[in-house]
Protein chains: 2
Amino acid sequence: MPENAALSIARLTRVLEDFTRMHIRLPAERRLSFTTLSVLHTLAGDGPKRLTELAGSEQVTQSAITQMVTKLEREGLVERHPDPSDGRAVLVHVTAAGAAIVDGRRAERMARLSELADLLTEAERAAIAAALPALARMVDLHSVPGTAPGTDPGADTPRDSARR
Amino acid sequence: MPENAALSIARLTRVLEDFTRMHIRLPAERRLSFTTLSVLHTLAGDGPKRLTELAGSEQVTQSAITQMVTKLEREGLVERHPDPSDGRAVLVHVTAAGAAIVDGRRAERMARLSELADLLTEAERAAIAAALPALARMVDLHSVPGTAPGTDPGADTPRDSARR
DNA sequence: GAAACTGTATCAGAAACTTAATTAAGTTAC
DNA sequence: GTAACTTAATTAAGTTTCTGATACAGTTTC
């Protein structure tokens with residue numbers, strides 16, 4: 001294969017659309033809504049966050065996060081702690097039980113993806129392995145636009161109250 | 001890089017988790033729910049489908065699909081046509097307006113992914129390009145498990161009434 | 001052609017979200 | 001230092017989208 005093969009954005013977009021829709025349905029356990037699981041994932045991965053931060057990254061209203069965190073707290077999956085640096089704010093921490101849910105779903109995905117990877121050829125597995133660092137970097141560039149030079153600073157604004 | 005590098009499933013899973021959560025929030029237009037958009041995407045990509053087929057692939061109840069299709073029909077995004085081969089069934093077709101929504105969101109994703117891809121090195125873009133066929137094949141293997149030999153036949157059952 | 005099965009629709013209620021209004025803590029201006 | 005403003009979180013009320021149960025028409029089986 002040519003080393004500087006042009007990357008077709010159209011093809012990338014299509015493949016990722018399909019892959020995303022498959023990936024998101026992989027775990028069987030679905031007692032929690034998509035947004036709720038995403039919050040747990042964020043907290044487990046990035047550590048404690050304020051409600052406003054969560055509202056921004058999940059693209060729902062602050063009110064929705066408050067209600068969700070209240071529910072998660074009742075279920076013992078997160079805890080509210082005061083923010084020592086700001087008396088108005090609250091820091092949401094994931095509990096061990098909450099982290100266990102994230103890990104459990106990850107294990108399910110790993111099991112299914114492992115089955116699928118077994119069906120690929122060795123060359124295909126190698127190609128995916130070689131692409132992972134670049135895919136991870138795209139995620140980084142998206143979430144921290146200031147890191148890279150020449151990035152559009154306005155593209156990431158947590159947008160105004162999406163109604164659905 | 002070694003041509004037969006082992007593919008780390010753990011790393012693949014992590015990268016895809018992060019990528020999925022980024023990708024799903026890319027388009028700005030969010031007048032429609034996630035499930036609704038997924039249905040439009042399926043219809044635009046695979047052609048007309050029965051309500052039960054949609055319920056299976058989207059992992060919501062048939063009741064939810066009926067209500068969603070009724071709403072989409074009122075908005076002119078899909079149409080119901082009788083299934084000539086079965087008097088009980090209904091075939092849901094996407095309209096031009098519905099397809100335009102799918103295309104519009106795809107265009108948004110392409111624009112943003114294109115920006116991100118521009119920030120990568122040529123080698124990174126080449127690595128992603130080289131992995132796309134393999135990623136697409138994983139999606140195929142997932143949705144049509146009978147195609148490949150040795151696949152667990154029970155793994156894909158549209159599961160029992162996911163409650164959230 | 002009666003019984004069992006399948007595909008869709010309808011209805012009540014639950015869950016998850018929105019907007020708007022409220023409380024409380026921090027910041028700025030004078 | 002107090003008044004006016006901003007920011008963080010909550011609460012209340014209403015909307016949308018889902019589940020679960022049921023009904024009913026069309027199909028298959030015998």
Side-chain angles (χ1 to χ4, degrees), chain A residues 24-25 28-43 48-75 77-93 157-164, chain B residues 24-25 28-40 43 48-75 77-93 157-164:
Chain A
I24 210 168
R25 308 282 195 200
E29 196 191 326
R30 356 188 78 253
R31 303 172 326 188
L32 302 167
S33 76
F34 171 70
T35 307
T36 303
L37 290 164
S38 188
V39 164
L40 284 180
H41 182 100
T42 299
L43 293 175
K49 283 204 183 303
R50 294 181 175 195
L51 293 178
T52 35
E53 290 181 285
L54 290 173
S57 65
E58 306 303 334
Q59 295 183 4
V60 294
T61 59
Q62 205 178 48
S63 178
I65 296 289
T66 294
Q67 296 170 63
M68 175 195 308
V69 166
T70 300
K71 179 169 173 277
L72 287 175
E73 205 173 22
R74 273 201 307 268
E75 296 171 2
L77 302 179
V78 303
E79 285 172 358
R80 269 182 244 241
H81 294 293
D83 184 340
S85 73
D86 189 335
R88 299 165 298 178
V90 165
L91 288 178
V92 185
H93 295 247
T157 319
R159 53 191 61 269
D160 51 326
S161 73
R163 105 192 139 79
R164 8 193 299 162
Chain B
I24 211 167
R25 309 277 196 204
E29 195 192 326
R30 0 187 75 255
R31 302 171 326 189
L32 301 167
S33 76
F34 170 71
T35 306
T36 303
L37 291 164
S38 188
V39 164
L40 284 180
L43 293 176
K49 282 204 184 305
R50 294 181 177 193
L51 294 179
T52 36
E53 288 182 285
L54 291 173
S57 65
E58 305 303 334
Q59 295 183 6
V60 293
T61 59
Q62 175 261 317
S63 177
I65 295 289
T66 294
Q67 296 170 67
M68 175 196 306
V69 166
T70 300
K71 179 168 173 279
L72 287 176
E73 205 173 21
R74 275 201 305 268
E75 295 170 1
L77 303 179
V78 303
E79 287 173 357
R80 270 183 241 242
H81 294 294
D83 184 341
S85 73
D86 188 335
R88 299 164 299 177
V90 166
L91 287 178
V92 184
H93 294 247
T157 318
R159 51 191 62 270
D160 51 327
S161 72
R163 103 190 140 81
R164 10 192 299 163

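Residue numbers start from 1 in every chain, and the chains themselves are labelled A, B, ... in the order their sequence lines are given, proteins ahead of strands.
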Comparing nearest nucleotides in DNA chain C, the 5'-proximal residue of the pair B/Ala89, A/Gln62 is B/Ala89

What is the separation between atom CG on B/Leu32 and atom C1' on C/dC17, rounded to the nearest whole Å?
15 Å

Taking only residues two or more places apart in sequence or in another chain, which ones pass side chain to side chain contact (heavy atoms under 4.5 Å, CB included) with B/Pro82?
none

Which nucleotide wins on minimum distance to the side chain of A/Thr66, given the candidates D/dA9, C/dT8, D/dT19?
D/dA9

Pick out the pairs of N or O atoms, protein on one side and nucleotides 26-29 of chain C on the other, that lie under 3.5 Å.
{"from": "C/dG26", "atom 1": "OP1", "to": "A/Gly87", "atom 2": "N", "distance (Å)": "2.9"}

Does A/Ser63 have a side-chain nitrogen or oxygen under 4.0 Å from the phosphate oxygens OP1 or OP2 of D/dT10?
no

When you check the phosphate oxygens OP1 and OP2 of C/dC17, does a side-chain N or O of A/Thr35 lie under 4.0 Å from one of them?
yes

So, is B/Arg80 close to the C/dG7 phosphate, meaning a side-chain N or O under 4.0 Å from OP1 or OP2?
no

Checking B/Asp86 now: which residues fulfil side-chain hydrogen bond (donor to acceptor under 3.5 Å, both in side chains) with it, not counting sequence neighbours?
B/Arg88

Degree of bending, the helix from C/dG1-D/dC30 to C/dC30-D/dG1 (end axes from five pairs; round to 10°):
30°

Determine whether any donor atom in the side chain of A/Gln67 lies under 3.5 Å from an acceptor atom in the base of C/dT18, or the reverse, and answer yes or no.
yes

Non-neighbouring partners of A/Glu75 that pass side chain to side chain contact (heavy atoms under 4.5 Å, CB included), sequence neighbours left out
A/Leu32, A/Lys71, A/Leu72, A/Leu77

Using whole Å, what does the distance between atom P of nucleotide C/dT10 and atom CD1 of B/Ile65 come to?
16 Å

When A/Leu54 is tested against each of A/Val60, A/Val39, A/Thr35 for side chain to side chain contact (heavy atoms under 4.5 Å, CB included), which residue passes?
A/Val39

Atom CZ of A/Arg50 and atom C1' of D/dT10: how far apart are they, to the nearest Å?
16 Å

Testing D/dC18, C/dT18, C/dG7 for proximity to the side chain of B/Ala64, the answer is D/dC18

Starting from C1' on C/dT8, measure out to CD on B/Glu53 and report it in whole angstrom.
14 Å

Qualifying residues under side-chain hydrogen bond (donor to acceptor under 3.5 Å, both in side chains), relative to B/Thr70, sequence neighbours excluded:
B/Arg80

Just verifying a value: how many Å separate B/Leu43 CG and B/Glu79 CD, rounded to the nearest 0.5 Å?
11.5 Å

Indicate the ring-plane relationship of A/His93 and A/His81, choosing parallel, tilted or perpendicular according to the 30° and 60° boundaries.
perpendicular

Just checking, any donor-acceptor pair under 3.5 angstrom between side chains of A/Gln62 and A/Thr66?
no

Is it true that the side chains of A/Glu58 and A/Ser38 contain a donor and an acceptor less than 3.5 Å apart?
yes

Rounded to the Å, how far apart are A/Gln59 CD and C/dC17 P?
13 Å

So if I take every side-chain heavy atom of B/Thr52 and compare against C/dC17, D/dC18, C/dG7, which nucleotide ends up nearest?
C/dG7

Distance in angstrom units between B/Leu72 CG and D/dT16 P, rounded:
14 Å

With a 4.0 Å limit, can you tell me whether B/Lys71 has a side-chain N or O closer than that to the phosphate oxygens OP1/OP2 of D/dT17?
yes

Grab the CD-P distance between A/Glu75 and C/dA15 for me, whole Å please.
10 Å

Close side-chain approach of B/Leu91 and B/Arg50, heavy atoms under 4.5 Å
yes

Report the distance from atom CD of A/Glu58 to atom C1' of C/dA16, rounded to the nearest whole Å.
14 Å

